[in-house]
Amino acid sequence: MAAGLCNTRPTDLVFIVDSSRSVRPSEFEQVKVFLAKVIEGLDVGPDATRVGVVNYASRVKNELSLKTHKTKAGLVKAVTKIEPLSTGTMTGLAIQFALNVAFSEAEGARVKSPDISKVAIIVTDGRPQDNVKDVAARARDAGIELYAIGVGRVDLNTLKQIASEQLDDHVDYVESYSVIEKLTKKFQEAFCVADLCATGDHDCQQVCISAPGSFKCACKEGFSLLEDGKSCSACSNAATDVVFLIDGSKSVRPENFELVKKWINQIIDKLDVSETKAHVGLVQYSSSVKQEFPLGRYNNKKDLKDAVKKMAYMERGTMTGQALRYLTDSSFAPAGGARPGVAKVGIVFTDGRSQDYIGDAAKKAKEQGFRMYAVGVGNAVEDELRVIASQPTGEHYFYTADFKAMTAIAKKLQINICQEEDPCECDSVVKFQKKVEEALQALTKKHILSKSGVSKRIAALENKIV
């Protein structure tokens, strides 16, 4: 843990320590060293972490109550003086005592609150002589988080009956007391509340605001926070048509294809998906091109992400040029669900060299005003990615050697489209374009698309609109 990046949230912590006759005096000393080291990593104080110790064998002894010591030094010194009881193993009785007495307000526990954790760490090396399942369940129901540490010949099923969910996080086993110290770091970190903004462990695009064990994102002046709660946009009201063009060739491999689908959904999370704002389409290609779903079919994130998850892996070749032609000729055509007058964004993902020529199709996409992003992984050819990507290339081209690093690309890839036009003019132009499209489609159906006829009808339509 880096210094200054970690505090412990307010916690009432009680150690419940087995000192039955099977625990030799030298082993009990090692348990006390473990307790002392965990305490050393805590933020001890009346308003921070309070620590108590319950010692048990056939009987239970409250060695240190939560109100006894207010300093770390006092606690550690008191722990060194604890003596083993050296009789039976009444683990259930000890948990019941902790529930009724050690965690009571009379013994220094604080009133139950979402801001204060209640934690018990049970250390035992044997099979209990009483029932632990029911009393442990009552303790958990009372809001006490239970960790179970087993040593040597302990009954592992007993540990599972004691511990809170998730069991992997709350059950530990060591071969002997001589190595119990190796758990020190785990428990120091378990009570650690990291400053996630300081450690960089957050997805905020612009501003990260720390909270205890958490964070929230904000944006700089002039930007607004998008629906995902992380991304910022200066143009949050801009409508955008976004089409993913995904390489499903054999070289990707099934397990990596699943990572690609997660990556697509990470980017969808950052979009303002709705009927009037971002629309998303998905195309997969290999030796052929397959439209998974067109623009406008799904207008909420849940349906979109569910559809992405259902995409089946094609395998076979890598015809990126053919896929780019499909993007320009079909995906971004009105018949393919594209909206007239709306910004178009293509996101091309590939993991290898194209088996056909991409230059003409890539050029056509950019000439038509589409903003093109190129993302390559593994054996992708970076020169090809640069040919596909819009300018400035540095903002539109991404490469990583490892599929598992794609999350970082999803964080960097920002689709903020600003449409700088008079909104009144824009509305009339869009309406005009839509009416022209409708008129053309109607004329096509009637097989009367002669040049002179179309020109006269469009001119008449223009006069009506203007």
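In this text the structure is predicted, and so the values were computed from the model without any measurement.
The two residues Y147 and D169 make their nearest non-hydrogen contact at CE2-O, 3.5 Å. Here the shortest heavy-atom pairing between F293 and V280 reads CE1-O, 3.5 Å. Smallest separation of non-hydrogen atoms from D356 and T320: OD1-N, 3.3 Å. What you find for A278 and L271 is that their closest heavy atoms are CB-CB, 4.2 Å. Here the shortest heavy-atom pairing between I268 and V273 reads O-CG2, 4.3 Å. In this structure, H279 and G296 approach most closely via the heavy-atom pair ND1-CA, 3.6 Å.
A donor-acceptor contact under 3.5 angstrom links the side chains of D351 and S251, judged on distance only. Defined by atom type and a distance below 3.5 Å, a donor-acceptor pair is present between the side-chain atoms of N299 and E275. Between T393 and E395, the side chains place no donor N or O within less than 3.5 Å of an acceptor N or O (distance only, hydrogens not considered). A donor-acceptor contact under 3.5 angstrom links the side chains of R316 and S288, judged on distance only. Looking at T400 and D402, their side chains never bring a donor and an acceptor atom within 3.5 Å of each other.
Checking side-chain atoms of N131 against main-chain N and O of D134 turns up a donor-acceptor pair under 3.5 Å. Between the side chain of K366 and the main chain of V387, a donor-acceptor pair closer than 3.5 Å is present. Within the 3.5 Å criterion, the main-chain N or O of D115 finds a donor-acceptor partner in the side chain of S113. Of the possible polar contacts, one joining the Q284 side chain to the M314 backbone as a donor-acceptor pair under 3.5 Å is found. Under the 3.5 Å distance criterion, the side-chain polar atoms of D247 are left unmatched by any main-chain donor or acceptor of V252. The main-chain N or O of L42 is never found under 3.5 Å from a side-chain atom of T49 such that the two would form a donor-acceptor pair. One N or O on the side chain of Q355 and one on the backbone of T318 form a donor-acceptor pair closer than 3.5 Å. At least one donor-acceptor pair closer than 3.5 Å links the side chain of Y313 to the backbone N or O of R253. In this structure a side-chain-to-backbone donor-acceptor pair under 3.5 Å is missing from S164 to E145. For K185 (side chain) and L183 (main-chain N/O), no donor-acceptor pair under 3.5 Å exists by modelled atom type.
Side chains of T158 and I162 form a contact here, defined as non-hydrogen atoms less than 4.5 Å apart. No side-chain heavy atom of V348 sits less than 4.5 Å from a side-chain heavy atom of F244. Residues I264 and I246 have side chains in contact (heavy-atom distance under 4.5 Å, counting atoms from C-beta outward). Side-chain contact between Q30 and E181: absent, with no pair of heavy atoms (C-beta onward) separated by less than 4.5 Å. Counting heavy atoms from C-beta outward, D329 and K364 have side chains that approach closer than 4.5 Å. With a 4.5 Å cut-off on side-chain heavy atoms, V243 and V283 count as touching. The shortest side-chain heavy-atom distance between D306 and Y298 does not fall under the 4.5 Å cut-off. Looking at E258 and P254, their side chains never come closer than 4.5 Å, going by heavy atoms from C-beta outward.
Within 6.0 Å of NZ in K160 there are 12 or fewer heavy atoms belonging to other residues, nucleotides or ligands.
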Original post:
Passes side-chain contact (heavy atoms from CB on, under 4.5 Å), D125 versus R153? Steps please.
Top reply: CA-CA 6 Å; D125 81 332; R153 291 177 294 177; over 6 Å; no
Subject >> Test side-chain contact (heavy atoms from CB on, under 4.5 Å) applied to Y397 and I388, step by step >> reply: CA-CA 8 Å; Y397 141 73; I388 295 169; over 6 Å; no
Subject >> Audit row: T11, D43, side-chain contact (heavy atoms from CB on, under 4.5 Å) steps and yes/no >> reply: CA-CA 9 Å; T11 303; D43 183 14; over 6 Å; no
Original post:
How far apart are the C-alpha atoms of I16 and V123, what are their side-chain angles, what is the distance that settles it, and do they pass the side-chain contact (heavy atoms from CB on, under 4.5 Å) test?
Top reply: CA-CA 6 Å; I16 304 173; V123 183; over 6 Å; no
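Salt bridge absent: E40 and K37 never bring a charged side-chain N and a carboxylate O closer than 4.0 Å. A salt bridge links D383 with R386: the distance from a Lys NZ or Arg NE/NH1/NH2 to an Asp or Glu carboxylate oxygen falls below 4.0 Å. Taking the charged nitrogens against the carboxylate oxygens, R297 and D303 have no contact shorter than 4.0 Å, which rules out a salt bridge. By the 4.0 Å N-to-carboxylate-O rule, D241 lies close enough to R339 to be salt-bridged with it. Using a 4.0 Å cut-off between a side-chain N of Lys or Arg and a carboxylate O of Asp or Glu, R325 and D360 do not qualify as a salt bridge. We find that K186 and D172 are joined by a salt bridge, their nearest charged nitrogen and carboxylate oxygen being less than 4.0 Å apart.
Ring pair W263/F349 is tilted by interplanar angle, where 30° to 60° counts as tilted. The aromatic rings of F332 and F370 sit tilted relative to each other, their planes meeting at an angle between 30° and 60°.
With rounding to the nearest 0.5 angstrom, the OG atom of S331 is 7.0 Å from the CG atom of L295.
At least 2.5 Å separates the SG atom of C217 from that of C208.
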